[in-house]
Amino acid sequence: MSPDIKDPIQSRVISAADREQLSAVFNRYAHHEHLGERYITPHEFLQDYLGYLRGDNIDPTTLDILSALVDLNKDQKITITEFINFESLLLASDSLYRIAFQLFDRHGQGFITFNDFQYIISATKQFKEFPFNFDSEFVSTHFGAKRQGKITYKEFTQILLDFIDEQTSQTFRKFDKGNVGYISLKSFEVILKELRQYQAAEFISTHLNDIVKLSCSTVSPNQISYPYFTAFLQVLSNIESMRKIYLAVREKKSHTYRSSIITKEEFLTEAQHFPRTTPLQIDILFAMTHLLHKTHSGHDIDKEYIELNDFDLISANEHLLPYRLRSEIVDEHYKVEHQSILLKVLESGYRFALGSIAGAVGATAVYPIDLVKTRMQNQRSTSIVGERLYRNSIDCFKKVIRYEGVFGLYRGLIPQLVGVAPEKAIKLTVNDFIRDRLTLDDGTIPLWAEIMAGGCAGASQVTFTNPLEIVKIRLQVAGELQSVRRPAASEVVRELGLRGLYKGARACFLRDIPFSAIYFPAYSHTKKQFADEHGYNDPKSLFISGLLAGIPAAGLCTPADVVKTRLQVQARKGQTKYDGLIDAFKKIYAEEGWRALWKGAGARMLRSSPQFGFTLLTYELLQRSFNIDFQGRKLEGSKHVDQQQYSAKTRSSILHSTNPDHIGGFHLAEATFEGIETRFGLAFPKYKTTNSNEPPSVIPPLTSLLGVPVPQLASPK
């Protein structure tokens, strides 16, 4: 039986996935049936669905312990009810503690016995190096002298934190063999490495000796006293409390002047309002930041100060805990839901302006390809006197330069730029606007919503696209006949009139709606594939994503583009005239065959793919550069993670799952498993013990499953 997971604020914090969606995902993995009810085995859930502990030589004890987390009834069958309950458990405000409780509640009774506690602690990697004394006063105090106490969930939350301190204290006493109240600096390093590695950032581990020299008040800096030992560990455990002190000081200073720098004296004064923070802890904290600033600047710094980003540099994996990840999603969703009408208008206008610039850049970059594409599509199968025929796109390109010069490749560019600004701007703005409104509470957006947003964006742009296209096309084909005077754009507009400017609009809809419905979802998913381990997209990945997404979108919509071109070009003497969309399709197929409908497909893909690559690259980089906050949703992949801030272990972790089957709370499953180690230090071995005399191979980090092999434990009776 699991602890009560009802959460009064859960519904407004982040909603669970739809039950039908969860059922659909469950059925894809539930390959067993018992008494008419489908189920997944715990091992299948962990390995096949969550993707943990896959491979050979996996430690069976670790596999059993972590698999049992989801098996709430402890019957080796995960039913749809347990599947949904576990997803809700991941969304609870105190999910980290609840999951840890599930870890210890091995029999699903709703409480923890001494045998449960002993079994789980004995399975951790720390136990092999530093066995915990289960005959200690700590155990007697919490479980009773006869070890018959039953620990409830709320009691467990406090005991777990007390255990971390007790385990560390026991280890200190083991190194303090003379019982003098001191251990060596080397012993302190070992304790940090083996017991508190999850709290010690790479910078602290590397510069530990210097930090101790700057902050330790003992006669010999190589001797670590117990008070200094506990103060150091409390700093590592309470980085978030230190951050709150910093923010409190900065808030008070904001009424006089804005500065991100807080001096040690200011920090110490404010810390008096935080009773668990001592001057010794502050000495240790500022020793860390002093070395941090010295290392980054390359020279010694006299003044002791701290800045906000310093906390991320020394806080190891605190920023990766599920509540931090979820709070980012919740904060963003709250801002979007409560964004004022004025800010929505300003944000749309801002996006429209940036889209205009991005569209102009993209159009200019590929305009010569667009001109060649148009002339190839307008070329009829029958030859007419005075009309130059092109064998292929390359031949067309050469002849344009030969007869019209290089500037001939840019014929019609000016009206294109005049029209492409609102065209691309409204497409990007509408797509972003609808995506924001259809994005779920957990920050994800269903595929159907992506397609709908793209389709609406394509439909909205036709208002600007059709007049632009018909003027551009007539200017582009005007140079094909040497004997005909080339008209100006204003002449074409006057000749067509308002209704004529929307000739072929239905074909334009037929092309632009499916194009955008294909392009934007493809771009979004391609972006995710090219993002780094933290979901960040650099400029190169943005351009490649835009390029690749444009290939299927442009290619599949070519027939509609051919029909649109034929309808919008003024037919010359001897050429077939078309009376609408369906008539054009029929006549092109009857006179020229189905291949004619795919004319210019290559040039269209060559033009559209790089054009949207340049356009989306420019659009996203402009948003990142200006970085104006309208209290709306941030661009996906725009959050940069400084590679110097985090260790290789952290950079290799992907905590917010991109698996499409990980919906609702399962997005945070990996982060929650990581948090079990990051917050509580409960690391389990991944591989079985090897009997080989060869040194073990390097084991890559796998969220909370870091560790070294331990002897397999026999389950207690």
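A side-chain N or O of Asp432 and one of Tyr619 form a donor-acceptor pair less than 3.5 Å apart. A donor and an acceptor atom, one from each side chain of Asp436 and Thr439, are nowhere located under 3.5 Å apart.
Ring to ring, Phe666 and Tyr49 are close: their centroids are under 6.0 angstrom apart. The ring of Phe433 has its center no closer than 6.0 angstrom to the ring center of Phe352.
The nearest pair of heavy atoms linking Lys527 to Ser545 is CA-OG, 3.4 Å. Scanning both residues, Thr558 and Lys599, for their nearest heavy atoms gives CG2-O, 3.7 Å. In this structure, Leu447 and Pro521 approach most closely via the heavy-atom pair CD1-CB, 4.2 Å. Looking at every heavy atom in both residues, Pro552 comes nearest to Ile518 through C-CG2, 4.4 Å. Contact record, Cys557 with Arg511: SG-O, 3.7 Å, taken as the closest heavy-atom pair.
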Inset, instruction - List the steps, then state whether side-chain contact (heavy atoms from CB on, under 4.5 Å) holds for Val361 with Lys424. - result: CA-CA 11 Å; Val361 171; Lys424 290 295 184 291; over 6 Å; no
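Going from atom CG of Asp661 over to atom CD of Gln21 covers 11.0 Å, rounded to the nearest 0.5 Å. Note that CG of Leu428 is 9.0 Å distant from CD of Gln623, once rounded to the nearest 0.5 Å.
No side-chain donor-acceptor contact under 3.5 Å links Asn431 to the backbone of Lys427. Here the side chain of Tyr523 pairs no donor or acceptor atom with the backbone of Gly613 at under 3.5 angstrom.
Counting heavy atoms of neighbouring residues, nucleotides and ligands inside a 6.0 Å radius, atom CZ of Phe397 does not exceed 12 of them.
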